[in-house]
Amino acid sequence: MKIIIIGCGRMGVGLAHDLSRSGHAVTIIDQDPAAFELLGPSMKEQRITGVGFDRDVLQQAHIEQVDALAAVTSSDEANAVIARLAKQVFRVPRVAARLCDQRKKAIYQRMGIQTVDPTTWAIRRMVDLLCYSPLNTVLSLGNGSVDVVEIEVPALLVGRQVRELTVAGEIVVIAVNRGGRTFIPTLGTLFQANDLLYLSAATSSNDRLKALLGLA
């Protein structure tokens, strides 16, 4: 994929490193040329100095040809303008924006722009680390509204079917690791002892999930 990242702060640099290591072609834009020093000399992505919502700058980054764009500057307002421009004018297929003001979240999601609040995610992850929980959150989506959690199958579920741990629109078993092999289960798959489960669950259904797992 060809991906533009706007904002070369810690989040932008982290994204650039991870995406580049995964084989994606990355272009990173920042109005401060000194910010690119955070990338280090080994990074091979294209670097463009300029304002992220300047059309000439975006066209220099070949925005018409990219598959995705991430607006992760330190300014909510700039990220919102960039995301709208990318989605509505340049028709970029996938657009995500760092947005700390949660009052605007619904507005941008209606436009097809996914938003991420690093502070909210970090707080929830810190709580997980400080307070023992048998549910290990490995990924948080949609500003923390949906979690992907990992758990070893509880004894009470051994021999029962995946459908018994499925709640439409709330809880889904997305993968099972069994004996070192990971597969996507069907609703009829039987849980076995020592299975490692990966579930997608709405955070609003956390109590219900714990009850189904016998952890409530």
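Looking only at distances, no side-chain donor or acceptor of K87 sits under 3.5 Å from a matching main-chain atom of I82. Side-chain N or O atoms of S20 include none that pairs as donor or acceptor with a backbone N or O of H17 at under 3.5 Å. No donor-acceptor pair under 3.5 Å is formed between the side chain of S205 and the backbone N or O of R208. Side-chain atoms of S22 never come within 3.5 Å of backbone atoms of H24 as a donor-acceptor pair (strictly under, hydrogens ignored). Between the T166 side chain and the V162 main chain, a donor and an acceptor come within less than 3.5 Å of each other. Counting only distance, with no hydrogens or angles, the side chain of E164 and the backbone of Q161 share a donor-acceptor pair below 3.5 Å.
Contact annotation: the side chain of I63 approaches that of V92 to within less than 4.5 Å [non-hydrogen atoms, C-beta and beyond]. In this structure, I48 and T27 have side chains that are in contact, with non-hydrogen atoms separated by less than 4.5 Å. Counting heavy atoms from C-beta on, the side chains of V158 and V153 come closer than 4.5 Å. Between L85 and L58, some side-chain heavy-atom pair lies under the 4.5 Å cut-off. V146 places a side-chain heavy atom less than 4.5 Å from the side chain of S200. In this structure, the side chains of I3 and V66 stay at 4.5 Å or more apart for every pair of heavy atoms. Residues L209 and V149 have side chains in contact (heavy-atom distance under 4.5 Å, counting atoms from C-beta outward). Within the 4.5 Å cutoff, the side chain of V148 has heavy atoms near those of the I174 side chain.
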- C8/V13 under side-chain contact (heavy atoms from CB on, under 4.5 Å): CA gap, chis, key distance, verdict: CA-CA 6 Å; C8 196; V13 169; 3.8 Å; yes

- Taking it one step at a time, do D195 and N177 satisfy side-chain contact (heavy atoms from CB on, under 4.5 Å)? CA-CA 6 Å; D195 279 353; N177 182 289; over 6 Å; no

- Passes side-chain contact (heavy atoms from CB on, under 4.5 Å), F36 versus I28? Steps please. CA-CA 9 Å; F36 297 126; I28 189 161; 4.0 Å; yes

- Please walk me through it: do I29 and I5 pass side-chain contact (heavy atoms from CB on, under 4.5 Å)? CA-CA 6 Å; I29 299 170; I5 298 171; over 6 Å; no

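Considering every non-hydrogen atom in both V176 and P185, the closest pair reads CG2-CG, 4.0 Å. Here the closest heavy-atom approach between residue A78 and residue T73 is recorded as CB-OG1, 3.8 Å. Among all heavy-atom pairs drawn from L165 and F191, the shortest one is CD2-CZ, 4.0 Å. Of all heavy-atom pairs spanning L156 and G214, the tightest one is CD2-CA, 3.5 Å. Closest non-hydrogen pair, L190 versus G159, comes out as CD2-O, 3.6 Å. Residue V57 comes nearest to G50 through the heavy atom pair CG2-CA, 4.0 Å, listed as atom of the first residue, atom of the second, then distance.
A salt bridge links D18 with R21: the closest approach of a Lys/Arg side-chain nitrogen to an acidic carboxylate oxygen falls below 4.0 angstrom.
Residues in residues 48-71 take part in no side-chain hydrogen bond (donor to acceptor under 3.5 Å, both in side chains) pair, two or more places apart or across chains.
The distance from the CZ atom of F90 to the CD1 atom of I4 is 9.0 Å, given to the nearest 0.5 Å. How far OG1 of T182 is from CG of L196: 8.0 Å, rounded to the nearest 0.5 Å. With rounding to the nearest 0.5 Å, the separation of CD1 in I6 from CD in Q31 is 11.0 Å. The CZ atom of R98 sits 6.5 Å away from the CE atom of M11 when rounded to the nearest 0.5 Å. With values rounded to the nearest 0.5 angstrom, L212 atom CG is found 9.5 Å from E170 atom CD. In this structure, CG in N194 is found 10.5 Å from CZ in R178, a value given to the nearest 0.5 Å.
Side-chain atoms of D147 and T203 form no donor-acceptor pair, as typed in the model, at a separation below 3.5 Å.
Residues L199 and F183 are members of one and the same hydrophobic cluster, defined by side-chain heavy-atom contacts under 4.5 angstrom among Ile, Leu, Val, Met, Phe, Trp and Tyr.
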